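Below, each value reflects all heavy atoms present in this structure, side chains not excepted, and no hydrogens, waters or symmetry copies. This is a predicted model, so every value here is computed, not measured. In what follows, chains carry the letters A, B, and so on, assigned in the order in which the sequence lines appear, proteins first and then strands, with residues in each chain numbered from 1.
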Amino acid sequence: MRLSQTFLPTLKETPSEAQVPSHRLLLRAGMIRQVTSGVYNWLPLGLKVLKKVENIVREEMNRAGAQEILMPMVQPAELWQETGRWDKMDAELCRIQDRHNRDFCLGPTHEEVVTDLYRNNIQSYKQLPVMLYQIQTKFRDEIRPRFGLMRGREFMMKDCYSFDVDRESALESYEKMRLAYHAIFSRLGLDFRQVVADTGAIGGNYSHEFHVLAQTGEDDLLFDPEGDYAVNVEKYNEAEAPKAKEELEQKKGIEVGHIFLLEDTYSKPMEANVVQQDGKPTPVTMGCYGIGVSRVVAAAIEQNHDDSGIVWPEPMAPFKVGIVAMKYKNDAVKEAADNLYQSLQAKGVEVLLDDRDASPGQKFNEMDLIGLPWQCVIGPKGVDNGVFEWKNRKTGEKIELKAGEYPAGFLDDQQAKVA
RNA sequence: CGGAAUGUAGCGCAGUCUGGUAGCGCACUAUGCUGGGGGCGUAGGGGUCGCAGGUUCAAAUCCUGUCAUUCCGACCA
């Protein structure tokens with residue numbers, strides 16, 4: 001993509017409403033803009049990152065055997081009345097009426113709708129297990145939206161639901177999802193922890209949270225530096241823990257995923273049954289598995305930034321490399337930059353070319369701000385000597401290479417893509 | 001919902017206390033220079049001062065109400 005033709009409104013100064021690094025940098029790097037409290041526009045650069053996360057989530061869900069569907073944002077009150085949540089939930093549930101004064105809500109989650117889908121279409125144990133997921137916009141009228149994408153009212157979520165004949169089988173589905181979550185957050189390049197969690201309002205009795213570690217996290221996590229034990233402080237129980245609180249390490253985390261074994265919490269009141277081998281119907285055993293996709297974007301920034309801007313983990317970066325063309329008006333520079341741009345594109349490398357007539361300082365600062373993993377500086381001096389300067393955004397290391405040469409490892413994952 | 005703060009140009013802010021008809025930096029437009037860390041000059045454009053009512057000869061400024069945004073708390077996948 002050519003920067004001169006890209007809608008990328010960067011900000012030199014920080015808007016006063018932004019208090020945390022991710023919010024500040026998402027705004028400054030021209031990735032999002034607020035529409036109203038807790039509701040945001042996604043601009044081209046931000047949307048590219050969101051899609052990267054979505055795609056990794058999608059691939060791992062599919063690999064785990066889940067099937068993608070898409071459910072509506074608008075849901076009828078009747079379904080919510082069946083589970084009692086229409087009355088149980090407070091103003092967080094955004095209620096609306098249609099022209100006939102029928103009650104609806106904007107979906108904050110989809111247990112009711114998916115359970116309804118299940119019961120109308122699946123009857124027998126022979127049809128199970130089934131795992132269905134979607135990546136879709138949710139709306140929760142949070143008491144206090146804050147910190148940009150960290151706690152928005154409208155946000156992007158991956159929600160998956162499993163249906164099994166019994167608890168034993170459901171635990172197998174749960175385990176598949178748990179492993180898929182590890183694969184997802186590992187692939188995204190994030191430092192994360194799985195912790196034993198509270199089940200909260202959703203119900204059920206088996207649950208794990210996935211947290212991205214960052215100083216600005218809202219949750220306190222305790223974990224055993226020498227073992228696997230990890231728990232949310234809220235859930236910590238001296239009796240169940242292998243070690244005393246003082247021996248555990250405490251860090252802040254941002255909750256980006258949560259998995260629950262629901263059992264029959266929803267299937268029972270909604271009469272979503274499965275006919276067993278003996279011919280008798282029993283409530284289907286369910287699980288639900290969420291990932292705050294848009295929150296992952298914010299969490300990644302909270303974990304990966306410096307004074308100059310964002311430092312994207314490569315799997316999430318909107319582009320792999322940015323070409324900083326110094327004095328693009330210079331014919332030799334233009335030719336060299338265009339050649340590199342085209343040859344990288346031909347190799348399947350996602351590349352952003354700064355072909356604007358802007359000062360060097362502006363180009364360098366903005367490139368650092370948007371945080372692409374690699375920068376390649378092409379200037380009159382370098383061109384005269386036949387070299388480009390490559391910079392690694394994360395380490396800051398710079399290396400001069402001839403045209404046609406790339407930093408070690410730069411194309412490693414690309415070969416596979418092209419082949 | 002309780003507590004607090006802030007609304008003046010796209011962004012960051014001054015001006016409000018002490019009323020006199022709106023200003024600075026960045027950004028933007030034109031143009032010239034510059035060219036390795038948000039560069040310099042010249043000439044420009046842009047604001048019902050959140051909104052409504054009130055006081056006054058006169059309101060960004062004082063009073064009342066209201067809306068919005070943000071922060072702390074409680075709540076929460």
J.: For B/G54 versus B/G41, give the span between their P atoms, rounded off to a whole number of Å.
T.: 48 Å
J.: Select one nucleotide: of B/A77, B/C76, B/C11, the one nearest the side-chain heavy atoms of A/R151.
T.: B/C76
J.: In this structure, how many angstroms lie between the P atom of B/C76 and the CE atom of A/M157, rounded?
T.: 16 Å
J.: Pairing check on B/A9: which nucleotide meets the Watson-Crick or G-U wobble criteria with it, both distances under 3.5 Å?
T.: none
J.: Is there a Watson-Crick or G-U wobble partner for B/G36 with both distances under 3.5 Å, and which nucleotide is it?
T.: none
J.: Which parts of residues 45-81 of chain A get close to RNA chain B, meaning a heavy atom less than 4.0 angstrom away?
T.: none
J.: Between A/E389 and A/P15, which has a closest nucleotide on RNA chain B that is more 5'?
T.: A/P15
J.: Between the side chains of A/D159 and A/Y161, does any donor sit under 3.5 Å from an acceptor?
T.: yes
J.: Quick one: does A/V233's side chain get under 4.5 Å of A/Q250's, heavy atoms only?
T.: yes
J.: Assess the side chains of A/D191 and A/Q303: does a donor N or O sit below 3.5 Å from an acceptor N or O?
T.: no
J.: Could you measure between the two C1' atoms, the one in B/G44 and the one in B/C49, and give it in whole Å?
T.: 23 Å
J.: What integer number of Å spans the C1' atoms of B/G47 and B/A9?
T.: 5 Å
J.: Need to verify one output field. Residue with the more 5' nearest nucleotide on RNA chain B, A/G361 or A/R295?
T.: A/G361
J.: Both distances under 3.5 Å, Watson-Crick or G-U wobble: report the partner of B/G44, or none.
T.: B/C28
J.: In Watson-Crick or G-U wobble terms, both distances under 3.5 Å, what is the partner of B/C75?
T.: none
J.: Using distance alone, with no hydrogens and no angle criterion, decide if A/H211 and A/Q194 have a side-chain donor and acceptor under 3.5 Å apart.
T.: no
J.: Side chains of A/Q34 and A/Y40: any donor to acceptor distance under 3.5 Å?
T.: yes
J.: Would the number of heavy atoms belonging to other residues, nucleotides or ligands and lying under 6.0 Å from CD of A/Q97 be above 12?
T.: yes
J.: Show me the protein contacts with nucleotides 28-34 of chain B, counting only N or O atoms at under 3.5 Å.
T.:
none

J.: According to the interplanar angle, ranging from 0 to 90°, do the rings of A/H208 and A/Y174 count as parallel (below 30°), tilted (30 to 60°) or perpendicular (above 60°)?
T.: tilted
J.: Which is true for A/D368 with a 4.0 Å heavy-atom rule: it touches a base, it touches only sugar-phosphate, or it touches nothing?
T.: base
J.: Could you check which nucleotide pairs with B/U18 in any of the strands shown, counting Watson-Crick or G-U wobble with both distances under 3.5 Å?
T.: none
J.: For A/K158, report the nucleic acid contact type (base, sugar-phosphate, nothing); a contact means any heavy atom under 4.0 Å.
T.: nothing
J.: Side-chain contact, heavy-atom cut-off 4.5 Å: A/L70 with A/Q136?
T.: yes
J.: Rounding to an integer number of angstrom, what distance separates B/A60 and B/G50 when you compare their C1' atoms?
T.: 12 Å
J.: What is the distance, to the nearest angstrom, from the CD atom on A/E142 to the C1' atom on B/A74?
T.: 13 Å
J.: B/C76 P sits how many Å from A/D90 CG, rounded?
T.: 10 Å
J.: Is there a ring pair (Phe, Tyr, Trp, His ring centres under 6.0 Å) between A/F319 and A/W374 once you walk through the steps?
T.: CA-CA 9 Å; A/F319 297 92; A/W374 295 95; over 10 Å; no
J.: Distance check needed: B/C72 C1' versus A/I143 CD1, whole Å only.
T.: 14 Å
J.: If I take atom CD in residue A/E218 and atom P in nucleotide B/C71, what distance separates them, rounded to the nearest angstrom?
T.: 10 Å
J.: Measuring only the P atom in each nucleotide, how far is B/G23 from B/C40? A whole number of Å is fine.
T.: 24 Å
J.: Assess the side chains of A/E255 and A/H258: does a donor N or O sit below 3.5 Å from an acceptor N or O?
T.: yes
J.: In whole angstrom, give the distance that lies between atom NZ of A/K327 and atom P of B/G36.
T.: 9 Å
J.: Among residues 375-385 of chain A, which ones have heavy-atom contacts with RNA chain B below 4.0 Å?
T.: A/V377, A/G379, A/K381
J.: Residues two or more places apart in sequence or in another chain: which of them pass side chain to side chain contact (heavy atoms under 4.5 Å, CB included) with A/D355?
T.: A/R2, A/L3, A/S4, A/Y328, A/L353
J.: Could you check whether any side-chain N or O of A/R295 sits under 3.5 Å from a backbone N or O of A/M156, counting only pairs where one atom can act as donor and the other as acceptor?
T.: no
J.: Can you see whether A/F410 has A/K320 sitting over its ring - NZ or CZ less than 6.0 Å from the centre and within 45° of the normal?
T.: yes
J.: On a whole-Å scale, what distance lies between the C1' atoms belonging to B/C51 and B/A68?
T.: 10 Å
J.: Using the side-chain heavy atoms of A/K12, tell me which of these nucleotides is nearest: B/C75, B/A77, B/C26.
T.: B/C26
J.: Considering only atom P, compute the distance from B/A52 to B/U61 and round it to an integer number of Å.
T.: 12 Å
J.: Would you mind telling me which of B/G73, B/A77, B/C76 lies closest to the side-chain atoms of A/E92?
T.: B/C76
J.: Only counting residues at least two apart or in another chain, list the ones meeting ring pair (Phe, Tyr, Trp, His ring centres under 6.0 Å) with A/F192.
T.: A/H182, A/F185
J.: Taking N or O atoms only and anything under 3.5 Å, show me the protein contacts with nucleotides 68-70 of chain B, one pair per line.
T.:
from  : atom 1 : to    : atom 2 : distance (Å)
B/U69 : OP1    : A/T36 : OG1    : 2.8
B/U69 : OP1    : A/S37 : N      : 2.9
B/U69 : O3'    : A/Q34 : NE2    : 3.4
B/U70 : OP1    : A/Q34 : OE1    : 3.3
B/U70 : OP2    : A/S37 : OG     : 2.9

J.: My understanding is that only one of A/E271, A/E112, A/E82 makes a salt bridge (Lys or Arg N to Asp or Glu O under 4.0 Å) with A/R119; could you say which?
T.: A/E82
J.: What's the closest nucleotide to the A/E13 side chain, out of B/A74, B/C11, B/C76?
T.: B/C11
J.: To the nearest Å, how far apart are A/D307 CG and B/G37 P?
T.: 19 Å
J.: Take the protein atom CZ of A/R356 and the nucleotide atom C1' of B/G35, then report the distance between them rounded to whole Å.
T.: 14 Å
J.: In whole angstrom, give me the gap between the P atoms of B/A43 and B/C24.
T.: 14 Å
J.: Please say whether the positively charged group of A/R95, taken as NZ for Lys or CZ for Arg, lies over the ring of A/W86, i.e. under 6.0 angstrom from the six-membered ring centre and within 45 degrees of the axis.
T.: yes
J.: Is there a donor-acceptor pair under 3.5 Å between the side chain of A/E78 and the backbone N or O of A/Q75?
T.: no
J.: Using Watson-Crick or G-U wobble geometry with both distances below 3.5 Å, tell me the partner of B/U64, or none.
T.: B/A52
